[in-house]
Amino acid sequence: MVHLTFYAALLSGIATTIAAPTRRSMVVHESRELPLYFAHAGAPNPDTTLNLRIALTANDRNGLEQKLWDVSTPGSALYGQHLSFDETKAFAAPHPDTVQAVTSWLNENNITSVSTSGAFDEWLKFSVPVSTANSLFNANYQLYTEIGGPTQLTRTLAYSIPADLQQHINLIHPSTDFVRQIKGAKLGGPVPNSNSNTARALAAPASCNSVVTPACLQAMYGIPTTKATQTKNTIGVTGFVDEWPQTADMAAFLTKLNTAVPSDTLWTEKNVDFGVDPQHPGDAGLEANLDTQYTIGLANGVPVTYYSVGLGFTDGIEGFLDVMNFFNALPTPDNVLTTSYGLDEASISTSLANQLCDAYMAAGARGVSVLFASGDGGVAGAQSQNCTTFQPAFPSGCPFLTSVGATQNTTETAASFTSGGFSNYWTRPSYQTAAVNEYLSTLGETYPGLYNNTGRGFPDVSAQGINVEIINAGESITAIGTSCSSPIFASVIGLINDRLIAAKKPPLGFLNPFLYANPSAFTDITTGENPGCGTNGFSAGVGWDPISGLGTPLFDKLLAAAGV
Ligand SMILES: *[C@@H]1O[C@H](CO)[C@@H](O)[C@H](O)[C@H]1NC(C)=O
Ligand SMILES: *[C@@H]1O[C@H](CO)[C@@H](O)[C@H](O)[C@H]1NC(C)=O
Ligand SMILES: *[C@@H]1O[C@H](CO)[C@@H](O)[C@H](O)[C@H]1NC(C)=O
Ligand SMILES: *[C@@H]1O[C@H](CO)[C@@H](O)[C@H](O)[C@H]1NC(C)=O
């Protein structure tokens with residue numbers, strides 16, 4: 001708090017500072033090869049306006065990371081003492097000297113219309129013609145089109161920044177990222193008529209081998225059917241690419257598949273980037289319906305917030321960044337945030353990847369469990385594709401979130417499409433060192449050079465992801481993907497948080513140190529592999545593996561481990 005007042009006072013002085021023009025020596029900040037799936041499509045008109053953002057370095061990024069470990073590691077003196085918005089901002093906001101140094105440089109170049117944005121005022125935004133951007137950053141912005149896809153980008157393969165500003169600038173955006181349109185769950189088959197077992201069983205009914213319902217998950221994972229009691233404990237669901245949940249589908253889902261939840265239960269909607277929710281039946285969104293039906297319909301009584309991220313995104317990454325800027329600015333963020341979209345790690349620049357990963361870190365420091373579907377491309381990445389080395393998925397490689405893989409059948413086996421492997425961007429975090437090293441020692445000399453043996457391994461955990469029944473546009477259908485698994489796991493955590501908060505304890509927050517410290521709170525999945533890139537992929541085995549993680553949740557054991 002004290003820091004903030006101090007910063008505000010200094011900030012107001014900036015406008016009056018007149019920087020003397022300096023000759024700057026420039027250093028290359030980022031460069032890359034053109035990815036195979038994009039083709040050069042000519043030069044842009046030099047007068048075309050580019051909307052640029054500069055990510056400023058945080059006042060104390062490493063201090064915030066240390067806080068995250070302190071509040072998230074069981075046994076630490078600060079465990080559970082999550083940070084307030086103001087405490088987080090004191091670390092994550094740029095230092096006033098940083099704002100001043102970068103603003104002065106822009107002003108020297110006659111760029112005076114600069115605004116700040118981001119949850120912690122960490123972004124400077126301005127618009128310039130392509131020609132100005134090229135000279136300012138020693139860049140070469142060109143047009144690129146996705147081969148066989150819809151994406152068109154104005155990007156540069158390299159750019160430079162002044163050497164004396166390196167300590168103040170994380171990245172210029174957009175620049176070297178080549179992100180394709182993100183994708184969600186896949187459609188499975190129609191639901192056979194014979195299925196409709198809504199009673200809780202000790203063992204899951206045989207029908208759960210062909211169609212997975214909330215009752216199946218309650219049986220398999222011991223998820224309570226009783227209503228949660230805490231109205232302020234919420235689960236957030238993010239939705240992208242103009243996919244919206246339908247209220248009529250939700251009512252039909254609850255009526256058919258979980259009558260313990262009142263059929264008129266809805267979500268609270270928050271809109272980002274002009275997201276909407278028109279409720280026209282033709283606009284039903286598979287992923288949005290899946291994600292809301294398996295939170296509202298599984299975490300009985302836990303309120304759900306739906307973040308509808310529209311096509312008005314300007315962040316070059318489908319709204320992934322915009323939604324975190326919005327979310328991290330909330331005075332009371334949801335205790336759990338689940339996202340069932342992702343992309344290939346190689347498609348996003350390392351600096352933008354780090355910027356987003358640090359946004360998840362900031363959410364974790366505040367006590368949010370950030371969950372992501374691990375991806376549906378096996379070892380080939382977020383989606384199936386041709387490859388000569390394994391492609392890690394983003395953001396699963398970020399160490400500050402929980403990546404969820406998929407399983408199938410009542411005697412669970414890992415689902416073959418589950419993206420899993422090792423990040424090329426982030427090293428292995430200490431919470432998983434022992435678990436991952438054990439896996440790598442059994443892997444031995446298999447796949448040399450195809451994966452990164454120092455990288456953060458993912459997924460962390462898993463849950464059912466094949467033939468999950470939903471209601472979409474009035475029809476009973478099944479969905480397939482790790483897209484199913486993330487909201488299911490989110491519901492488990494949401495219900496544990498309900499018990500914790502009822503017992504006057506903090507929510508679980510960033511999960512991984514807790515999860516890896518309690519491997520016996522999971523059913524270890526020991527069969528299945530995730531083929532791709534012309535290989536059989538990784539195999540599930542005893543202990544953690546890069547296809548099922550630690551395994552699938554056992555509610556009562558997780559609850560006991562959480563101390564309630
Ligand atoms: C900024 O504007 C001034 C006055 O119009 C001009 O003399 C100067 O060359 C401009 N500087 C740059 C870097 O464009
Ligand atoms: C899953 O269960 C179904 C029905 O019992 C069976 O036909 C199928 O082979 C099983 N799949 C796997 C991967 O075990
Ligand atoms: C891989 O490449 C082959 C031959 O170029 C093509 O037919 C196939 O569709 C590609 N597969 C994927 C998943 O891109
Ligand atoms: C492997 O991962 C490390 C981080 O653990 C990274 O520094 C290195 O560049 C990666 N190697 C490749 C080939 O991407």
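Counting begins at 1 with the first residue of the sequence. First listed ligand is number 1; within each ligand, the first listed atom is number 1.
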message = Under 4.0 Å from a heavy atom of Thr454: which atoms of ligand 4 are those, numbered in the order shown and with their elements?
response = 1 (C), 2 (O), 3 (C), 4 (C), 5 (O)
inquiry  = Out of Thr427, Thr350, Asn453, who is nearest to atom 4 (C) of ligand 4 when you count heavy atoms only?
reply    = Thr427
ask   = Less than 4.0 Å between a side-chain N and a carboxylate O, is that true for Arg53 and Asp315?
value = no
key: Trp426: numbered ligand 4 atoms lying under 4.0 Å from its heavy atoms   = 5 (O)
inquiry  = Only heavy atoms of Asn452, strictly under 4.0 Å: list the atoms of ligand 4 that pass.
reply    = 1 (C), 2 (O), 3 (C), 8 (C), 10 (C), 11 (N), 12 (C), 14 (O)
request  = Give a yes/no verdict on whether any heavy atom in Phe422 is under 4.0 Å from an atom of ligand 4.
outcome  = no
request  = Using a 4.0 Å heavy-atom threshold (strictly under), name the region of Tyr425 that reaches ligand 4: side chain, backbone, both or neither.
outcome  = neither
inquiry  = My understanding is that only one of Phe327, Tyr307, Phe240 makes a ring pair (Phe, Tyr, Trp, His ring centres under 6.0 Å) with Phe320; could you say which?
reply    = Phe240
query = Which value, rounded to the nearest 0.5 Å, describes the distance between Thr176 atom OG1 and Tyr159 atom OH?
reply = 5.5 Å
Phe372 and its ring pair (Phe, Tyr, Trp, His ring centres under 6.0 Å) partner, picked from Tyr360, Phe394, Phe489 = Tyr360
key: Nearest-contact summary for atom 7 (O) of ligand 4 - protein heavy atom, Å   = Asn424 O, 4.5 Å
request  = Could you tell me which residues satisfy side-chain hydrogen bond (donor to acceptor under 3.5 Å, both in side chains) with Arg366, sequence neighbours excluded, listed by chain and number?
outcome  = none
message = Which residues pass the side chain to side chain contact (heavy atoms under 4.5 Å, CB included) test with Thr48, not counting sequence neighbours?
response = Asn45, Val130
